[in-house]
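Throughout, protein chains are lettered first and strands after them, A, B, ... in sequence-line order, and every chain is numbered starting at 1. Since the model is a prediction, treat every value here as computed from it, not as a measurement.
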Number of protein chains: 2
Amino acid sequence: MSATELHGFDPRTGARLEPAYPVAGPDDAARACALAWEAFGAYRRTGLKTRAAFLDTIADRIEALGETLVDRVMAETGLPRARVESERARTTGQLRLFASVVRDGGWLGARIDPALPGRTPLPRPDLRQRRIPLGPVAVFAASNFPLAFSVAGGDTASALAAGAPVVVKAHPAHPGTSELVGRAVREAVAEHGLPEGTFAVLLGHGHDLGTALVTDPHIKAVGFTGSRGGGLSLVAAAAARPVPIPVFAEMSSVNPVFVLPGALRDSGAELGGAFAASFTTGAGQLCTSPGLVFALDGPGFEAFTDAAVAAVAATPAAPMLTTGIGAAYDSGVDRLAAIEGVRELARGVEDPDIAVPCLPGLYLTDDETFLAEPSLQDEIFGAASLIVRGRDRDRLDAIVGSLEGQLTATLHAAPDDPGDQALAAELLPELELIAGRVLVNGWPTGVEVGHAVVHGGPYPATSAPATTSVGTRAIERFLRSVSYQNVPAGLLPEELRDGDPLGVPRRIDGAPEGSG
Amino acid sequence: MSATELHGFDPRTGARLEPAYPVAGPDDAARACALAWEAFGAYRRTGLKTRAAFLDTIADRIEALGETLVDRVMAETGLPRARVESERARTTGQLRLFASVVRDGGWLGARIDPALPGRTPLPRPDLRQRRIPLGPVAVFAASNFPLAFSVAGGDTASALAAGAPVVVKAHPAHPGTSELVGRAVREAVAEHGLPEGTFAVLLGHGHDLGTALVTDPHIKAVGFTGSRGGGLSLVAAAAARPVPIPVFAEMSSVNPVFVLPGALRDSGAELGGAFAASFTTGAGQLCTSPGLVFALDGPGFEAFTDAAVAAVAATPAAPMLTTGIGAAYDSGVDRLAAIEGVRELARGVEDPDIAVPCLPGLYLTDDETFLAEPSLQDEIFGAASLIVRGRDRDRLDAIVGSLEGQLTATLHAAPDDPGDQALAAELLPELELIAGRVLVNGWPTGVEVGHAVVHGGPYPATSAPATTSVGTRAIERFLRSVSYQNVPAGLLPEELRDGDPLGVPRRIDGAPEGSG
């Protein structure tokens, strides 16, 4: 990897985009990480109001980029305008949500167990606890959400909210977008008088830059959204450090959907159409795209598949993000179609004008083949999905038991069908053990950014199953609790002093302050 | 390791204790783990009241063992009666504290973001979140707390509170104690009609049994307190599984203490005596024993060392837990004394009647030697400590920067000395970055079991720096959040249903329920 610059690329037309952007090397990484460490001491002690205002300013400045940003994203990703605009709204909304989280202060986890000098046989010391940030965070931008999971996306917003400086490895698929957004963040850093090292973006390709970031001694945690191979190599590099650090990698998921007999019978055709719409959304380039549907053979099964087939066959090809992703999709569906027991049911409508097209693909197999062939669980990133026809109820348990960890798991159950409801009651507790989010009568694509969402899940969906990378609890990934014993008022962090000068939520002897 | 039974051993007398206890092998481990998995489905769905009552019953039954237990612990560990009785109180108090945690239900982390059907451009789905247990937990008992960090210690109590079945690897140093306490837990399992696999104790020595537990597919998390070598080998084994699992290992710490110039000048002699008392407590066999003290040369330094020397020289040898621990201590202090630039200041009073004696040792070096010799940071498990004489303030920063992650870090600063207070204000933010608990004007030995304590810390003090193994937040290690999207009331977990039928604390749109 000796190239010193790189260009964006329009996957719709195949055109190379100007200008060229400089590529960062290991020396640049070392410099950015050292600066981030230098900034850490001051940045983590910024007041809650300043830090929140900083996040708000980032959102403002991203919006101020206006059409320049939208046009650039569209050119570099091939994503349609409506999607880019809604992703921008999600990104700025996310930044402002984390600003409100910072202001609230509940994330500090402030707790006080007051001294009990008269306790016998031993007096109890004064113990106070709060969370502090781990240190500078390396964020790896994803290709498929050039705004919401990229330079100023959820990982960056939650790390900055936690008080952690951020060094972003920008995704080479959208260098111009990364440059624009990176500049907006740097301007916000300057506007609020924060240390320069609070934020940096490095553009690179290949593994060298990423490895340099993850192994840099100044980096204390990693946020990653991408492929399983990429995530696992970062996990391994982080674990091999003299001082290992956590890697929060959101890696892969096929997001299984179970359509129960009553739902199939009542609404087979409708569900088949909705299923096709869900897995072809955004050329299927979503972490939560439903790549597997299980349905028991019976009334409605044919209506379900027929409707899905009709919808897929009418869905035009759409541009994929990069030539690499396009090639991986094509070989993925070829491999799938070649497996004995798997049948291609439909492909979408070709479009010779698209340079890197994703031709939707729908496939069918049976439960026996599925159980015998573990590779049918591999994610194919793109608009492909596999219907598994089940012979009977008993095999359903074996199938659920065979599934890897997932971001989501979905049940479709007829509300008024006692059989469906009983089966759903049996399956839900099994599905919650393998997924971060469980849905009933919906589709997994579309992830709310709120307080109650979990975008995470058991390995290999993520490398850190107890966490979420979306929603307000994402901040917790970059924090660690510290306890202060008999520390005098003058030396205590403000949020732990008597009288709660910062006005943050606290627990006294385990109960919310003021509740006694 | 082909022995099929093992005996306790009295480190005071060297006597082999009767009876012999059967040693478990890999097959026993596989059986216990399979039973634990089988129990998991039902145990995790026990009501909060039942689960809390179960924990209370364990405490009751441990108390009901009375003198039989106390005598056995004393015989197997050489620990004095007062210590054993206070540790028993801590253990039962811990179980009852977790019972109250379970009843409160705050650990469920219940959150609801209600649907907003009228939101534009897209309606918001109903999202609800709660925590569920990861699955069966393997607990590795420690040698040095035969009750509080053993069969029914903090790891077991917090895992059972979380709804996770537990398989304990008992420590071979106290087999009879483990058998007694294990029986008490099993009786509580039976009394509450819980599945048999909810709890098991396996006795073993060597690595085979431990590896079998950590690599068993039914085990989903590991709690460990012990040596760095032991902890890291479990971490490696867990990471190499097809599906890696978290290992919460509390491994080692030298618990640095900084005595600032004003404190040294005002109370050098008093602090020297208290320091000696702290590091010789329990023959120094505590994770939080202060193994390093830094003090700047100047007024009070000689008084501090003289007092410590006098106290150590008058401290009698005390039995160590096992012959292995005794041998490691002896070779550790021999290695330390042999390092150029390290001087032995004092040893305790020998006692030829003790079979495995720990002869306290106090050592002195200078900051230059300390910075040049990383092995001076190695924990010597036992009553040994090293005073580092500092030349000047500047080198103090280098020393703090050189320290590994610790369970605790302590400052002694004179309350009315502006110089000490200024220096403390500079050092505290650095110390909180390397430790889980920061103390001022105290000693780190003695860990409160409450809501605000952190018994944890950066690597290599622990393998999971964001967690605590002591106190109510220890339950969080064994939980993971799941989000439920548009799940109808009848299929929702009770704690997430409208009206809060379980009466647990919840957050609605991020704010405590009922606060709006």
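- Atom CG of L134(A) sits about 7.0 Å away from atom CG of L479(A), to the nearest 0.5 Å.
- Heavy-atom pairs under 4.5 Å with chain A were tallied for R44(B), E404(B), R131(B), R124(B); the largest tally goes to R44(B).
- When heavy atoms are compared at a cutoff of 4.5 Å, P465(B) approaches chain A by way of both its backbone and its side chain.
- With chain A as the partner, the residue from A425(B), P488(B), G471(B), S481(B) showing the most heavy-atom pairs under 4.5 Å is S481(B).
- Of the listed residues (V101(B), I132(B), I245(B), L122(B)), the greatest number of heavy-atom pairs within a distance under 4.5 Å of chain A belongs to I132(B).
- Put simply, the side chain of T467(B) never gets that close to the backbone of R477(B): no donor and acceptor are under 3.5 Å apart.
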**Request:** Applying side-chain contact (heavy atoms from CB on, under 4.5 Å), run through R480(A) and V454(B) and close with a yes or a no.
**Result:** CA-CA 10 Å; R480(A) 166 174 83 77; V454(B) 172; over 6 Å; no
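- Side-chain atoms of N486(B) never come within 3.5 Å of backbone atoms of P125(B) as a donor-acceptor pair (strictly under, hydrogens ignored).
- Of the listed residues (P458(B), G490(B), P121(B)), the greatest number of heavy-atom pairs within a distance under 4.5 Å of chain A belongs to P458(B).
- Formation of a donor-acceptor pair under 3.5 Å by the Q129(A) side chain with backbone atoms of I112(A) is not found in this model.
- Neither the backbone nor the side chain of A236(B) comes within contact range of chain A; no heavy atom of the residue lies under 4.5 Å from a heavy atom of that chain.
- Your options are A466(A), G436(A), P246(A), and the one with the most heavy-atom pairs under 4.5 Å with chain B is G436(A).
- Only the side chain of R119(B) comes within contact range of chain A, with heavy atoms under 4.5 Å apart.
- Proximity to chain A involves both the backbone and the side chain of Q421(B), based on heavy atoms less than 4.5 angstrom apart.
- Panel note: side chain H412(B), backbone G442(B); a donor-acceptor pair is recorded below 3.5 Å.
- No donor-acceptor pair closer than 3.5 Å links the side chain of D113(A) to the backbone N or O of V453(B).
- At distances below 3.5 Å, at least one donor-acceptor pair connects side-chain atoms of T462(A) with backbone N or O atoms of G457(A).
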**Prompt:** Run the side-chain contact (heavy atoms from CB on, under 4.5 Å) check on W443(A) and V257(A) step by step: do they pass?
**Reply:** CA-CA 8 Å; W443(A) 300 97; V257(A) 175; 3.9 Å; yes
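- Ranked by heavy-atom pairs under 4.5 Å with chain B, the first of R130(A), R45(A), R128(A), H451(A) is H451(A).
- Contact annotation for L433(B): both backbone and side-chain heavy atoms come within less than 4.5 Å of a heavy atom of chain A.
- In this structure, chain A has a heavy atom under 4.5 Å from the side chain of F40(B), while its backbone stays farther away.
- Listed for the R506(A) side chain is a donor-acceptor partner under 3.5 Å among the backbone atoms of E495(A).
- When V487(B), V243(B), L491(B), T408(B) are compared by the number of non-hydrogen pairs under 4.5 Å with chain A, L491(B) comes out ahead.
- Contacts between P242(B) and chain A at a heavy-atom distance below 4.5 Å involve the backbone alone (N, CA, C, O).
- With a 4.5 angstrom heavy-atom cutoff, L428(B) touches chain A only via side-chain atoms.
- Between chain A and the options D509(B), T472(B), T410(B), N441(B), the largest number of non-hydrogen pairs under 4.5 Å is found for D509(B).
- Top candidate by heavy-atom pairs under 4.5 Å with chain B, chosen from P429(A), A424(A), A239(A), is P429(A).
- Remark: the backbone N or O of S402(A) is paired with a side-chain donor or acceptor of Q377(A) at under 3.5 angstrom.
- Neither the backbone nor the side chain of R507(B) comes within less than 4.5 Å of any heavy atom of chain A.
- Remark: side-chain polar atoms of T468(A) are not paired, donor with acceptor, to backbone N or O of R473(A) under 3.5 angstrom.
- Heavy atoms closer than 4.5 Å to chain B are found in the backbone of A435(A), but not in its side chain.
- At a 4.5 Å heavy-atom cutoff, the contact between L439(B) and chain A is made by backbone and side-chain atoms alike.
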